[in-house]
Amino acid sequence: MKTKISVALILLAAVVAGIWYWQQDDTQTHGHAAYAHTEAILACGPRPAGSDGLQCAHSYISKELAQHGWSTMSQTFERDTPIGKRTFINLIARYQPSDLSSLDELKQLPTRGILSAHLDSKLIPGIPDFLGADDAASACALIIELAANLARNHPKLAKQLELVFFDGEEAFNENIDLSIGDGLYGSRAYAITLYDRNPKPSFGIVLDMVGHKNLQIAVPADSPPELYASMMRSAKLHGEDQRFGKASTGIIDDHYYLNKAGVPTIDIIGAGFSDSHWWHQQGDDMDLISAQSLDISYHVTMTMLEELLTKD
Ligand SMILES: [Zn+2]
């Protein structure tokens with residue numbers, strides 16, 4: 001009898017554990033998928049402009065997106081940098097475009113919103129294997145997961161969205177310096193394509209450092225108010241508004257030139273990165289990020305996209 005009770009108890013425990021695991025897994029499905037994409041991007045190695053690692057990451061992203069109906073094209077350009085002339089490549093994706101082989105064709109497609117992140121990793125003297133897991137492979141990984149689900153659940157909205165994986169966000173000198181044009185190479189070149197679009201996209205979202213295991217987001221103080229309100233509404237809806245807020249100052253990041261080109265753009269970026277022990281340091285690896293945080297960033301961004309892409 002005792003054995004039967006023990007067996008029954010073990011079975012019950014197994015069922016409870018199974019349900020617990022299933023619930024955990026189910027609630028973080030998107031986070032786990034984005035986590036796996038981050039690992040795959042990091043497996044390419046360092047991704048500074050012109051590197052084999054960046055090419056490898058482009059191939060991975062293009063292949064993943066293609067499985068869900070997204071086509072990709074490259075915007076290639078050369079720029080002088082503090083370490084000499086370099087070639088940069090922005091990767092741009094659209095959902096089921098009629099054609100997508102030139103910037104002129106791209107500009108003809110209806111675009112209500114832009115979803116973007118930088119794919120390059122910083123070239124850091126003394127850290128040859130710097131991978132930039134949260135800066136910003138995790139954000140690019142999140143875009144893959146968002147794009148897959150938009151295509152699956154909201155194909156009409158996906159048609160209105162342009163995805164951009166920027167090259168050259170990172171400066172070759174220690175910090176981004178707009179006075180000499182070091183850093184934001186990709187977003188500056190991409191922003192030029194926005195000037196003559198008619199109509200202009202009505203919003204942009206930049207994701208950067210959105211997978212940190214202690215997720216705290218602080219958007220630039222001068223963020224477009226309607227986009228900040230949309231982010232906070234979305235965060236509140238998911239019960240995560242305590243993790244989202246505003247920095248006390250502006251931030252120089254890829255949103256800068258999109259705003260200058262007349263597309264109101266918000267930079268959803270991890271708080272306090274410049275004072276952290278990991279930013280542009282060895283510690284920016286997979287240990288820093290979590291599927292749970294990526295899941296939160298997924299849901300907040302997806303709800304924003306659903307709202308902003310359907311707004312009159
Ligand atoms: Zn960086």
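Since this is a predicted model, take the numbers as computed values, not measurements.
Ring centers of F88 and Y190: at least 6.0 Å apart, outside the cut-off.
Between the side chain of R243 and the backbone N or O of L215, at least one donor-acceptor pair lies under 3.5 Å. Counting only distance, with no hydrogens or angles, the side chain of T265 and the backbone of L258 share no donor-acceptor pair below 3.5 Å. In this structure, T38 contributes its side chain and A34 its backbone to a donor-acceptor pair below 3.5 Å. Within the 3.5 Å criterion, the main-chain N or O of G181 finds a donor-acceptor partner in the side chain of R188. The main-chain N or O of P46 is never found under 3.5 Å from a side-chain atom of S121 such that the two would form a donor-acceptor pair. A donor-acceptor pair under 3.5 Å is absent between the side-chain atoms of T193 and the main chain of A189, judged by distance alone. Distance alone, capped at 3.5 Å, is enough to place a donor-acceptor pair between the D167 side chain and the I89 backbone. Judged by distance alone, with hydrogens and angles left aside, the side-chain atoms of K200 form no donor-acceptor pair with the main-chain N or O of V263 at under 3.5 Å. No donor-acceptor distance shorter than 3.5 angstrom exists from the side chain of D177 to the backbone of D182, with no hydrogens or angles considered.
The minimum heavy-atom distance linking P264 with N259 is given by the pair CA-OD1, 3.3 Å. When all heavy atoms of A133 and L42 are compared, the pair lying nearest together is CB-CD2, 3.6 Å. Looking at every heavy atom in both residues, I251 comes nearest to I269 through CD1-CG2, 3.8 Å. Nearest approach of G283 to L288, heavy atoms of both residues: O-CB, 3.9 Å. The shortest non-hydrogen separation linking C140 to I41 is CB-CD1, 4.1 Å. Of all the heavy atoms in Q216 and Q242, the pair that sits closest is OE1-O, 3.5 Å.
The only option from T72, N90, I143 that meets the side chain to side chain contact (heavy atoms under 4.5 Å, CB included) definition with F165 turns out to be I143.
Contact annotation: the side chain of I205 never approaches that of L227 to less than 4.5 Å [non-hydrogen atoms, C-beta and beyond]. When side chains are defined from C-beta on, L308 counts as touching S230, because their heavy atoms get closer than 4.5 Å. Residues L194 and Y257 are not in side-chain contact: their nearest non-hydrogen atoms beyond the backbone lie 4.5 Å or more apart. Considering only heavy atoms from C-beta on, Y256 stays 4.5 Å or farther from S187 through its side chain. Two residues are said to be in side-chain contact when any heavy atoms from C-beta on lie closer than 4.5 Å; R197 and L106 meet this criterion. With a 4.5 Å cut-off on side-chain heavy atoms, L119 and L54 count as touching. Side-chain atoms of T301 and L115, non-hydrogen and from C-beta on, do get closer than 4.5 Å to each other. Side-chain contact between S62 and L91: present, with at least one pair of heavy atoms (C-beta onward) separated by less than 4.5 Å.
Atom CD of Q75 sits about 7.5 Å away from atom CD1 of I192, to the nearest 0.5 Å. Note that CE of M231 and CD1 of I266 are 5.0 Å apart. Values are rounded to the nearest 0.5 Å. With values rounded to the nearest 0.5 angstrom, H58 atom NE2 is found 6.5 Å from I61 atom CD1.
Remark: E105 CD is packed, more than 12 non-hydrogen atoms of other residues, nucleotides or ligands lying under 6.0 Å away. Atom NZ of K236 is surrounded by 12 or fewer heavy atoms from other residues, nucleotides or ligands within 6.0 Å. In this structure, N153 places its CG atom where more than 12 heavy-atom neighbours from other residues, nucleotides or ligands lie under 6.0 Å away.
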Please report, to 0.1 Å, the donor-acceptor pairs under 3.5 Å made by any side chain of residues 64-71, with sequence neighbours excluded.
| unit_1 | atom_1 | unit_2 | atom_2 | d |
| --- | --- | --- | --- | --- |
| W70 | NE1 | A147 | O | 3.0 |

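There is a path of hydrophobic side-chain contacts, each under 4.5 Å, that joins V164 to L103. Cluster annotation: F166 and Y185 are assigned to distinct hydrophobic clusters (Ile/Leu/Val/Met/Phe/Trp/Tyr, side-chain heavy-atom contacts under 4.5 Å, transitive). Placement of V206 and W279 in two distinct hydrophobic clusters is found when ILVMFWY residues are connected by side-chain heavy-atom separations under 4.5 Å, directly or transitively. Under the 4.5 Å side-chain heavy-atom criterion for grouping Ile, Leu, Val, Met, Phe, Trp and Tyr, L157 is connected to M304 within one hydrophobic cluster. In terms of hydrophobic clustering, with Ile, Leu, Val, Met, Phe, Trp and Tyr side chains grouped at heavy-atom distances under 4.5 Å, I296 and I144 are assigned to a common cluster.
Pairs engaging residues 228-252 under the ring-ring contact (aromatic ring centres under 6.0 Å, His included) rule: H238-H299 [sequence neighbours left out]. Residue pairs satisfying the disulfide (SG to SG under 2.5 Å) criterion with at least one member in residues 40-109, sequence neighbours excluded, are listed as follows: C44-C56.
Using a 4.0 Å cut-off between a side-chain N of Lys or Arg and a carboxylate O of Asp or Glu, K122 and D135 do not qualify as a salt bridge. Here E226 does not pair with K311 in a salt bridge; the nearest charged N to carboxylate O distance is not below 4.0 Å.
In this structure, a donor-acceptor pair under 3.5 Å is present between the side chains of T111 and R94. If you check the side chains of N149 and E145, you find a donor sitting under 3.5 Å from an acceptor.
For E170, the side chain to side chain donor-acceptor pair (under 3.5 Å) partners are H280, not counting sequence neighbours. Judged as a side chain to side chain donor-acceptor pair (under 3.5 Å), and not counting sequence neighbours, Y95 has no contacts. E169 is linked by a side chain to side chain donor-acceptor pair (under 3.5 Å) to H118, counting only residues two or more places apart in sequence or in another chain.
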- [ ] Would you please test D120 and R47 for salt bridge (charged side-chain N to carboxylate O under 4.0 Å, His left out) and show each step?
- [x] CA-CA 5 Å; D120 64 307; R47 310 174 303 283; over 6 Å; no
